[in-house]
Each structure stands twice: as structure tokens, then as C-alpha cells.
Amino acid sequence: MTTLLKETLKHSSIYLPTPARITAVKDLTALEKLFTIELPSGFSLNHRPGQFVQISVLGVGEAPISISSSPSRSNGSFEVCVRRVGSVTNAMHALKPGAMLGLRGPFGRGFPVERFRGKDILFVPGGLGLAPLRSLINEVLDERGKYGRVIILYGTRTPADILFRDEIAQWQQRTDIEFHMTVDRPDESWTGNVGVITTLFPKIQIHPRNMVAVVVGPPVMYRFVLMELLGKGIAEGNIWFSFERHMKCGVGKCGHCQMHHIYTCQDGPSFSYAEIKHLEEAL
Amino acid sequence: MSFKIMPKAALPDWVTWLKNRYRVVGPTARQGQYVFAEIASPDELVLDYPTSVLPPKKYLLPQRETLFTFDAQSMQMKANIEWEPTVILGVHTCDMHAIRLLDKVHATGYTDQHYQAHRQHTTLVSIECLSPCMEHSFCKSMGTLTVPEDYDLHLTDLGDSYGVDVGSEKGEALLQGFTAIWDPTSEDYQRINKVMAEKWPRFSYRLNFDVTELPDLLALSNNSSLWNELGDICLGCGQCTKVCPTCYCFDVRDEVDLSLTKGERTRTWDSCQIDRFATVAGGHNFRSTRALRNRHRFMRKGKYHLEAYGLIGCVGCGRCAAACLVHITPVDTFNELYRRHKKGELLEEAKQA
């Protein structure tokens with residue numbers, strides 16, 4: 001058994017991908033699809049929640065995509081949730097099961113899961129932020145006993161943007177998960193909460209001393225959620241984000257993802273607020 | 001390692017001797033300017049040149065480089081690691097400092113094998129600058145006025161001969177078997193001491209403060225209105241980064257041939273001054289204004305690189321100042337920040353932010 005990263009490092013070029021195969025494609029919304037990607041026989045991904053892979057559609061290009069499945073559910077194959085938004089992701093959406101991709105990684109620093117053990121965990125995914133966060137949520141749920149309360153506050157723009165509906169239905173039924181969701185703009189069928197994600201905070205009780213919050217969403221969301229969390233007294237080192245940045249190489253060379261002196265692809269994309277609060281351009 | 005003397009009359013023979021063993025690159029005159037190019041015959045080489053349009057970086061990080069070739073149908077992929085045994089002659093000491101930084105960047109974290117292959121097969125012959133090369137250079141201020149420790153061969157013009165410092169085994173190999181080279185006499189030592197002693201006063205400090213204060217000055221400057229002023233006049237053309245010896249950012253793209261299945265993935269120089277450099281696929285631009293992009297460039301040169309790699313990111317070559325169509329220069333920028341700092345304006349602006 002070798003890992004994809006060991007294989008990537010064995011290559012004579014760090015930029016050379018390893019071939020992999022799409023085994024399943026599932027429509028999640030009009031814009032997002034869930035791809036199951038199979039590694040070559042004998043390979044494992046061995047990632048940490050919060051890491052990403054560089055996915056190539058040869059002839060089109062390469063893009064950084066966060067891993068959506070948890071490590072325990074990524075043996076030999078893993079999942080990525082991809083929004084059709086650029087050239088590579090549009091090309092991916094045209095692919096059917098059996099199609100081949102190129103893979104490098106996993107790269108970046110994931111969430112420090114060990115440090116979350118024994119604590120209450122507040123997940124705050126906004127929109128497509130659920131895609132990377134699902135890896136961590138399922139990691140925590142797979143080993144539920146190691147953590148305190150599990151709270152998920154999920155917000156999307158409209159009901160049509162809701163990802164992973166089957167899983168959400170399960171989360172809603174479980175008594176060991178406190179799940180709340182909201183949409184910014186409801187449709188006729190929507191009977192749930194309406195409003196931005198911060199409107200969900202009054203619904204939950206927070207004991208800040210023992211809480212870790214993990215927030216992943218669009219750039220505009222971070223400041224508002226952060227204000228809420230700091231206001232509740234959660235320690236700066238226990239508030240975690242995952243940052244989206246333009247990336248070309250994934251290995252700290254191309255310069256696109258740099259913020260301050262940090263390469264997001266190397267030192268992130270997961271950061272605690274304590275780590276980035278002094279960095280210009282971070283939030 | 002050792003110090004030798006090479007009569008200037010022997011230089012053409014040495015270049016010819018090198019050409020039989022290596023690709024030899026050096027400064028050559030082209031249309032009134034100087035460019036690093038492959039030396040076809042020794043008389044093309046101009047060791048006493050002011051500055052070059054582009055730094056010799058292009059031989060370590062080509063403007064366009066194939067990373068790998070592929071066949072999208074069969075998923076065959078083959079890494080393309082290119083190198084050619086190369087000697088670069090006449091590298092100024094600012095560019096030597098820049099290469100030292102590039103070495104560090106490409107070996108930190110994941111190793112960039114493409115850069116490394118070029119670099120391992122390149123031997124650098126640097127030359128001591130005895131007088132300022134142009135109005136925009138400020139090497140004395142940046143501490144790059146003389147060669148960094150890790151050189152291969154370093155030349156000093158002694159009039160009718162060159163003093164040759166041998167700094168590495170790679171450098172030594174360039175002299176092995178070449179006979180027109182001499183051990184120095186005590187007179188030669190006196191001469192090189194005299195030449196060096198006379199050199200320092202010819203250069204002046206152009207920053208109004210010590211370079212060690214630059215990172216702290218920039219740390220105070222995040223909210224300075226100067227960035228908006230620069231953004232207002234900057235054309236966003238990216239020339240400054242194209243000519244910079246320490247810039248290494250790149251774009252990656254796939255190019256396919258007419259079969260539409262075979263192709264190559266290439267990287268080309270990119271610039272943080274171009275508007276979409278930090279734009280993610282969804283459209284959000286993390287440095288959406290020229291002001292922010294100017295700030296990023298100067299922060300990178302004067303502060304970020306020091307924090308990330310332990311070396312300051314500007315070597316004072318002055319090329320960006322010479323290339324800028326609207327006369328944005330690092331000397332003026334840093335001095336202006338310093339002036340505003342002395343007047344308390346930076347702190348005031350930081351407080352208001």
C-alpha cells in the first residue's frame with residue numbers, strides 16, 4: 001500500500017499527476033456534482049480533513065479541489081464535490097464514470113483533529129463550504145465518542161443550493177447532532193429558517209470554554225460569523241477557517257495563493273483565527 | 001577556497017575553452033542595451049556592462065517551460081526535466097543575491113526539480129561591481145554590493161588582469177586544465193585590496209534609513225495612503241515583476257496539439273501586478289485594486305520574503321525602476337514611507353483604520 005503523496009514525491013517532477021478514474025458521478029444541485037474518484041490499485045489517499053488535491057483534466061488544466069469524504073471513508077477511493085465555475089470544473093462536469101483524471105496531493109495542512117477531541121464542535125458551513133467541511137464532519141461522526149456536542153449550522157442562498165440532502169436528512173434525525181439550517185432566499189416549498197447564517201446562532205447554547213468552531217464558506221461570510229463567535233467568548237485559537245485562494249501549483253511555488261508571507265497551499269488552507277488575525281488580506 | 005590571477009589577454013581563450021565544455025552565457029550588447037545571451041564567440045562577451053534588461057534568472061526559470069507532456073487518451077504522462085551544462089559569466093552581485101533567494105524558495109517545502117536541474121548544472125561566474133551601474137540601482141542600501149558567500153567563481157577587475165576567487169568545486173572545475181592562470185603575488189594582493197578599498201566610496205546609500213529597518217517600516221505601512229497613490233498611477237502592466245531577479249511566480253496552462261489529445265503542461269512567468277492574479281474561479285479577487293497589488297509587491301520584497309525565507313526579497317538592482325513607465329521606484333516608495341513615518345503619518349493612518 002502506498003499513498004498518493006508518496007507516489008507524487010517519487011515522480012521526477014512534483015508537477016506530474018498520477019492517473020485516477022472516476023467511478024461515480026452524482027448531481028447534487030444544478031451547479032454541483034459529487035465525484036467518486038478511484039486511485040490506482042494499491043494506493044491510499046491518506047488525507048487529513050481540510051486538505052485538497054490538485055485535479056487535472058489533461059488538455060484543459062488543473063485545479064485545487066478540497067476532499068469531501070472523511071479519511072475513514074476514503075480507502076482506495078474518495079469523493080470531491082465540484083461546482084462548475086471555471087474551465088477545469090466545467091470539463092469535469094462533462095465527464096462520465098470511467099473517465100480518467102490526473103491527481104496530485106493531498107496538499108496543504110488539514111484541521112488538527114486531535115486537538116478537537118473531547119471538545120464541543122460547532123461546524124458553520126456556508127454554501128459550498130460544506131464540501132470541505134463534510135470531510136471533517138464525517139470524521140467526527142465516524143468517531144463520535146471522542147468528541148463532545150456536535151453542532152452544525154448550515155446556510156445556503158436558496159433551497160436549491162442545498163448539498164448532500166440525504167446526509168443532512170440523517171443528521172437531522174440523529175439525537176447526538178444539533179443541526180440547524182437556513183436559506184437567504186426561500187422558495188414556496190421552504191418552511192425552515194430564513195436569513196443569513198448568523199441568524200442561527202440564537203438557536204444554540206454555547207459554552208465557549210470547551211468549544212471549537214470550524215467555519216468554511218464564501219469570503220464574505222467569515223467576518224460576520226467571526227464577530228458572532230468572538231462575541232460568544234470562543235478563544236481565537238479555537239476558531240478555525242479554511243481559505244479559498246487562487247492556486248496553480250499546490251506546492252508553494254507559483255505565488256498565486258500567497259497572503260502576507262504565507263502560502264495558503266502550504267501553511268493552510270486551514271487556519272485558526274489566532275494564526276491569521278495579524279495578516280493583511282486574510283479575511 | 002583559493003585566489004588566482006587571470007591576465008585579461010587570456011579571457012578569450014578561457015571563454016573558448018569553456019565553450020568546448022559548456023553552454024556559455026554572458027552579457028552581450030544588443031541595440032544599445034545589454035542582455036544575457038549565449039556567447040557565440042568570445043568577443044561578444046562584455047564583462048564591463050552597466051546592467052542587463054533581464055536578469056540571468058531566465059536560465060534557471062525560463063519564461064516558458066514544459067513541465068510534462070501527456071496523451072489525454074492513454075493518460076501517459078512524462079515529466080520534462082531540462083538542463084544543459086551552462087556557465088553564466090559576468091553575473092553582478094545583486095543578481096547573485098537574487099539567485100541565492102531563488103535557490104531557497106525552490107528548495108523550501110517541496111523541491112522544484114525543474115529549477116533544481118537547471119541550477120545544479122549551472123556554474124556562476126560573478127564579477128565585482130566597481131562603480132554604480134545606473135541611476136536606479138541601490139545595492140549599497142540593500143547590502144548586495146558584494147558577492148554572497150555561496151559563489152562558484154568570482155572575478156575582480158584589476159586593470160590588466162582579473163582576480164579570480166574560487167568559491168566552490170564547481171567553480172574550480174572551470175579552471176581545471178586551463179593553463180593561463182597564475183598564483184597571486186603579494187603585489188596582486190595589494191592591488192585587489194586597493195581596488196576594493198577604492199570601490200566603496202563610489203557607491204552611495206540611497207535609502208534614507210538602514211535596510212534592517214525596512215521590515216518594521218513596512219509593517220507600519222499596511223494602511224498607508226501611499227498605496228492608493230501608487231495604485232492611481234500604476235498601469236498594471238507587470239513590467240516590474242518581469243525584470244525582477246527575485247520574482248518567480250508562474251502561471252500553468254495546458255497546450256494541446258492538433259490531435260487534441262497529445263499536449264504539454266507549461267508554466268510561464270506570471271505577475272502579481274496583473275489584475276486577475278489572485279482571482280479565484282468563483283470571481284472573488286483577493287487583491288482587487290492596483291493599490292493592493294502594489295502594496296503586495298513592495299511588502300513581498302521588503303518584508304514577506306524575509307519572514308518566509310530569511311532573506312530580503314529586493315536586491316537593489318533597480319531594474320523595476322528603470323522599466324516602470326510611470327516611474328514607480330522602490331527607492332522613492334521606501335523613502336516616502338520613511339518620511340511619512342517620521343512625521344507620524346503611518347501610525348495615524350493605522351489608528352484610523
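Every chain is numbered from 1, with letters handed out A, B, ... down the list of sequences.
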Problem set entry | Residues which pass ring pair (Phe, Tyr, Trp, His ring centres under 6.0 Å) with A/F43, listed by chain and number, not counting sequence neighbours |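 So A/F43 forms no ring pair (Phe, Tyr, Trp, His ring centres under 6.0 Å) with any residue.
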Problem set entry | B/Y59: partners by ring pair (Phe, Tyr, Trp, His ring centres under 6.0 Å), with sequence neighbours left out | none
Once you leave out hydrogens and angles, what donor-acceptor pairs under 3.5 Å do chain B and chain A share?
unit_1	atom_1	unit_2	atom_2	d
B/V105	O	A/K253	NZ	3.2
B/T108	O	A/K253	NZ	2.8
B/Y110	O	A/K253	NZ	2.7
B/D112	OD2	A/Y15	OH	2.6
B/Q113	OE1	A/I14	N	2.7
B/Q113	NE2	A/H11	O	3.3
B/Q113	NE2	A/S12	O	3.4
B/H114	NE2	A/S13	OG	2.6
B/Y248	OH	A/Y263	OH	2.5
B/F250	N	A/C254	O	3.2
B/F250	O	A/H256	NE2	3.0
B/D251	OD1	A/K248	NZ	3.1
B/D254	OD2	A/G59	N	2.9
B/D254	OD2	A/V60	N	3.4
B/D254	OD2	A/G61	N	3.2
B/R265	NH1	A/S56	OG	2.7
B/R265	NH2	A/S56	OG	3.1
B/R265	NH2	A/G61	O	3.4
B/D270	OD2	A/H256	NE2	3.1
B/F277	O	A/H246	ND1	2.9
B/F277	O	A/H256	ND1	2.9
B/T279	O	A/H246	ND1	3.3
B/R287	NH1	A/Q258	O	3.2
B/R287	NH1	A/E281	OE1	2.9
B/R295	NH1	A/E280	OE1	3.3
B/R295	NH2	A/E280	OE1	3.3
B/R300	NE	A/Q258	OE1	2.3
B/R300	NH2	A/Q258	OE1	3.1
B/R300	NH2	A/Y263	OH	3.1
B/K303	NZ	A/H260	NE2	3.3

What part of [X] is in contact with chain B, defined as an atom under 4.5 angstrom from a non-hydrogen atom: side chain, backbone, both or neither?
| X | answer |
| --- | --- |
| A/V60 | backbone |
| A/L31 | neither |
| A/V57 | backbone |

Among the listed options [options], the residue most often paired with chain B at heavy-atom distances under 4.5 Å:
| options | value |
| --- | --- |
| A/C249, A/G102, A/P17, A/G252 | A/P17 |
| A/G255, A/G86, A/C257 | A/G255 |
| A/L101, A/V220, A/V251 | A/V251 |

For this session: Measure across A/P219 and B/F286 and return the closest heavy-atom pair with its distance rounded to 0.1 Å.
Result: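 Closest approach of A/P219 to B/F286: CG-CZ, 3.9 Å.
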Problem set entry | Heavy-atom pair of closest approach, residues B/F277 and A/C254 | CZ-O, 4.1 Å
For this session: Mind ranking B/G109, B/G282, B/A278 by heavy-atom pairs under 4.5 Å with chain A and telling me who comes out on top?
Result: B/A278
Exercise. So which of B/L260, B/L306, B/L292, B/L67 has the biggest tally of heavy-atom pairs under 4.5 Å with chain A?
Worked result: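 Of the options given, most contacts go to B/L67.
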Seminar exercise, completed: Sorted by chain and residue number, the side-chain contact (heavy atoms from CB on, under 4.5 Å) partners of A/P19 (sequence neighbours excluded) come out as A/M100, B/M75, B/M77
